[in-house]
Protein chains: 2
Amino acid sequence: MTAKAPQAPRPVPTLEDVARLAGVSTATVSRCLNTPDRVVKSTRDRVMSAVDQLGYAPNFGARALAAKRTNTIGAIIPTMENAIFARGLQAFQEELGLHGMTLLVASSSYSEDVEREQIRTLCARGADALLLIGHHRSQGTLDFLEARSVPVLVAWVYDPDKPQPSIGFDNRAAMREMAELVIAKGHRRIGVISAPCDSNDRASERVQGIREAMAAHALPADAMALHETPYSIENGAAAFRQVMDSPDPPTAVMCGNDVLAVGALRAARQMGLSVPGDVSITGFDDIELAQLVDPPLTTVHVPHRDMGRMAARLLVQQLNGDGPMASTRLDTYLCDRETLGPAPR
Amino acid sequence: MTAKAPQAPRPVPTLEDVARLAGVSTATVSRCLNTPDRVVKSTRDRVMSAVDQLGYAPNFGARALAAKRTNTIGAIIPTMENAIFARGLQAFQEELGLHGMTLLVASSSYSEDVEREQIRTLCARGADALLLIGHHRSQGTLDFLEARSVPVLVAWVYDPDKPQPSIGFDNRAAMREMAELVIAKGHRRIGVISAPCDSNDRASERVQGIREAMAAHALPADAMALHETPYSIENGAAAFRQVMDSPDPPTAVMCGNDVLAVGALRAARQMGLSVPGDVSITGFDDIELAQLVDPPLTTVHVPHRDMGRMAARLLVQQLNGDGPMASTRLDTYLCDRETLGPAPR
DNA sequence: CGATGTCGTGTAAGCGCTTACACTGATCTC
DNA sequence: GAGATCAGTGTAAGCGCTTACACGACATCG
């Protein structure tokens, strides 16, 4: 195909090959690549052209081994399937790129065990720091992290009382605010569709927020019908059917996130229920999908991009030795679109 | 917090630490981890408990350096923003996992230069093979890949004539089929909203498919109004407005993918146009969103999961030395939902 | 003008791991 | 019962890179 490769003389060129071709030592080549200003221009040019000619790319593993730093940050998110974390992660990556760092992403499928495995993998791969979602993880995992002294930042939650720094929002307060609105609209029987709460502090905090609002308005605990199911549109739809299949169904269904809410919305339509005429539905996250469905979803807006960007900054600061990270709180706000209406009488 | 770490005696444990604690050589520890059956059980147990006790995790870089294999496959997709590649990649990852391989994902933002950088990065990180999207890339990149002799599989297209093996579908034929249907419904002026065609063979093939169908029915080339814009809902909406802002607007707008189509659909609603009463809209990909919008989108179904799964199998086979990969063609089919209707008269 | 810096470069010691090879006892074979 | 075989383990040589240190060649200075 190309004239440059007569056969396959040396499968992959190394620093040494470059050095030989340029007639310098490996140290000089290394310096050209990492600290170009410590090498005189004439030498540098010679080295660089050798690099090009050979199609040399430094071996990352070897580099990490020798330098003990990888400029890589790992992130483990519960899922890549839907858009919940996509936007935040995108911003995270962009900001990291600005600082010359690379992102390594893994997903845990909402499983504690998988997450532990992924943490080990990312550490093994030399991540200089980790971004994790939520606080819930086993002591063993925490110990491991501490033993390796990898800086960890927890995102999507804000909890200054935890030992690990976090960046995010107050899930409980955010959902409480939404519940207040729902109650203000006259709803007294509230269905709740949430992700499984154990091992998911975002989910449990949100449910807790609803409980608090109900208590504040002297609504009995059994006025809330809680259904837990993993995040997916299908599951949201199924859960909605179950929640509504009761002698005294709720007039509003609050969902733990938008994906579940969109499922609920579909189910409602299939059941011939008008939203919000017959039943109100609310979401959480304000993902793109929320304004695409019909009617557009009333939900809690989460500042995904800001969160991602700030997470990157905090991590970079910490790695540059500018002191420990401070937990940071971002604001959410209600997006009262069209799926929440007054309680039917 | 925990009692196990009095201070920080040795930041991160190494093979040697484990060996010392277990009273064996590093070779034995290594064997316990990689080929457990070559070590007698009593020794192995001792080693393993040392591993646990120390929280040891092998250094990936060092391992790759010594073993010259990483069991890692890299994939570079144009974007993570929307769901176009998500499902396929998920399946790809799952299948890789079954074979003990790990996936490293990067995104190129539809930029050739970024992709080249990412390819280098993934190679540097030791990817044993690469999954790339589409055939379009510079000769320099191709040379680089060949020089390093990294197996490459191209996905989301099928083209047995290219030197690189591919797995996917015939974008041109798939879109031609859709265009045939559109024409059969009586449409004669067709708007086309596509991603920029240069450097995106999927996009250009799809447009070409429309051209072929139109030619086959003796429609003049200028019966097609083509608008190119990057994939995003917003862009789709904007392009739709432009396409329709003509003295003689098209009666059907065919979009290069579902994301654009959903944007077009929104724009149509905002403009007070009924779909498909006033104007028909079609998509491509059949992402989840396609059936969530109202009315559900007529689109081309692409077997994302099959493609991902088979891509993984092909790659694994190749790495196991079972001969070179063969280009594989998958079928698409039309999903005629509710956004395509007869041409208004 | 010899002592002292400074700058650009080379030398070589690892970084943590795998693995070819060597070694040691058992077990087996005739 | 001596030699062959073999399973289990240790020894040590790298893998490709960074970087502390050494070194020579100048420029600078009192």
Side-chain angles (χ1 to χ4, degrees), chain A residues 10-48 50-51 54-72 120-121 123-128 147-148, chain B residues 10-48 50-51 54-72 120-121 123-128 147-148:
Chain A
R10 84 181 48 84
V12 23
T14 71
L15 240 211
E16 205 180 326
D17 298 324
V18 177
R20 200 174 316 130
L21 183 62
V24 297
S25 73
T26 59
T28 299
V29 179
S30 173
R31 279 190 281 256
C32 282
L33 266 25
N34 300 308
T35 51
D37 38 315
R38 319 190 83 239
V39 177
V40 91
K41 182 160 189 319
S42 60
T43 317
R44 202 189 325 145
D45 288 348
R46 203 148 31 95
V47 169
M48 284 321 202
V51 166
L54 260 35
Y56 168 78
N59 178 316
F60 185 82
R63 174 176 279 191
L65 199 53
K68 308 194 145 289
R69 199 188 197 217
T70 59
N71 287 320
T72 296
R120 292 182 147 256
T121 304
C123 285
R125 280 204 140 80
D128 291 334
R148 317 246 330 181
Chain B
R10 81 180 51 82
V12 21
T14 72
L15 240 211
E16 204 180 327
D17 298 324
V18 177
R20 197 173 318 130
L21 183 61
V24 298
S25 74
T26 61
T28 299
V29 179
S30 174
R31 277 190 281 258
C32 282
L33 265 25
N34 300 308
T35 51
D37 38 314
R38 320 191 82 238
V39 176
V40 91
K41 181 156 190 322
S42 58
T43 317
R44 199 182 338 137
D45 289 347
R46 202 147 31 94
V47 170
M48 285 320 203
V51 166
L54 259 37
Y56 169 79
N59 178 317
F60 185 81
R63 174 177 279 190
L65 199 53
K68 307 195 147 288
R69 200 184 196 221
T70 59
N71 287 320
T72 295
R120 292 182 147 256
T121 304
C123 285
R125 284 204 138 81
D128 291 334
R148 316 241 339 177

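Since this is a predicted model, take the numbers as computed values, not measurements. Letters A, B, ... mirror the listed sequences (proteins, then strands); counts begin at 1.
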Next item on the list: Identify whether any heavy atom of Ser30(A) sits under 4.0 Å from a base atom; if not, whether one sits that close to sugar-phosphate; answer base, sugar-phosphate or nothing.
Entry: base
Next item on the list: For Ala27(B) and for Gly61(B), locate the closest nucleotide of DNA chain C by heavy-atom distance; then report the residue assigned to the nucleotide nearer the 5' terminus.
Entry: Gly61(B)
Notebook entry, point to check: Quick one: on DNA chain D, does Thr43(B) or Ala64(A) contact a more 5' nucleotide (nearest heavy atom)?
Noted result: Thr43(B)
Check: Taking for each residue the nucleotide of DNA chain C bearing the nearest heavy atom, is the 5' side occupied by Thr28(B) or by Ala62(B)?
Finding: Ala62(B)
Check: Is the backbone N or O of Asn71(B) less than 3.5 Å from a side-chain atom of Asp128(B), with the two atoms forming a donor-acceptor pair by type?
Finding: yes
Note to self: Using the rule side chain to side chain contact (heavy atoms under 4.5 Å, CB included), only one of Asn34(A), Thr26(A), Leu33(A) pairs with Ser30(A); which is it?
What the structure shows: Asn34(A)
Next item on the list: State, to 0.1 Å, how close Gly55(B) and Arg148(A) come at their nearest heavy-atom pair, and which atoms those are.
Entry: O-CD, 4.4 Å
Margin query: Minimum heavy-atom separation for Ala62(A) and Leu65(B), please, with both atom names.
Written below: CB-CD1, 3.7 Å
Notebook entry, point to check: Does Arg120(B) reach the main-chain N or O of Tyr56(A) with its side chain, forming a donor-acceptor pair under 3.5 Å?
Noted result: yes
Check: Of the non-hydrogen atoms in Val18(A) and Val47(A), which two are nearest, and what is the gap between them?
Finding: CG1-O, 4.1 Å
Next item on the list: Answer with base, sugar-phosphate or nothing: what part of the nucleic acid does Tyr56(B) contact at a heavy-atom distance below 4.0 Å?
Entry: sugar-phosphate
Margin query: If I compare all heavy atoms of Val29(A) with all of Leu15(A), which pair ends up nearest, and what's the gap?
Written below: CG1-CD2, 2.9 Å
Notebook entry, point to check: Using a cut-off of 4.0 Å between protein heavy atoms and nucleotide atoms, how would you tag nucleotides 21-27 of chain C 5' to 3' with B, S and -?
Noted result: -------
Check: Want to settle it: does Val39(B) or Ala67(B) sit nearer the 5' end of DNA chain D, counting the closest nucleotide to each?
Finding: Val39(B)
Note to self: Using C1' atoms of five pairs at each end, report the bend of the helix from dC1(C)-dG30(D) to dC30(C)-dG1(D) rounded to 10 degrees.
What the structure shows: 40°
Notebook entry, point to check: Is it true that a side-chain atom of Arg44(B) and a backbone atom of Pro36(B) form a donor plus acceptor pair closer than 3.5 Å?
Noted result: yes
Margin query: Distance under 4.0 Å to a non-hydrogen atom of chain B counts as contact; along DNA chain D, which nucleotides mark the start and end?
Written below: dG8(D) to dG16(D)
Checklist line | For Arg125(A), the option from Thr72(B), Thr70(B), Asn59(B) that meets side chain to side chain donor-acceptor pair (under 3.5 Å) | finding: Thr72(B)
Note to self: To check you understand the geometry: which heavy-atom pair defines the closest contact between Pro58(B) and Ala124(A), and what is its length?
What the structure shows: O-CB, 3.0 Å
Next item on the list: Could you tell me the separation between the CZ atom of Arg31(B) and the OG1 atom of Thr43(B), rounded to the nearest 0.5 Å?
Entry: 10.5 Å
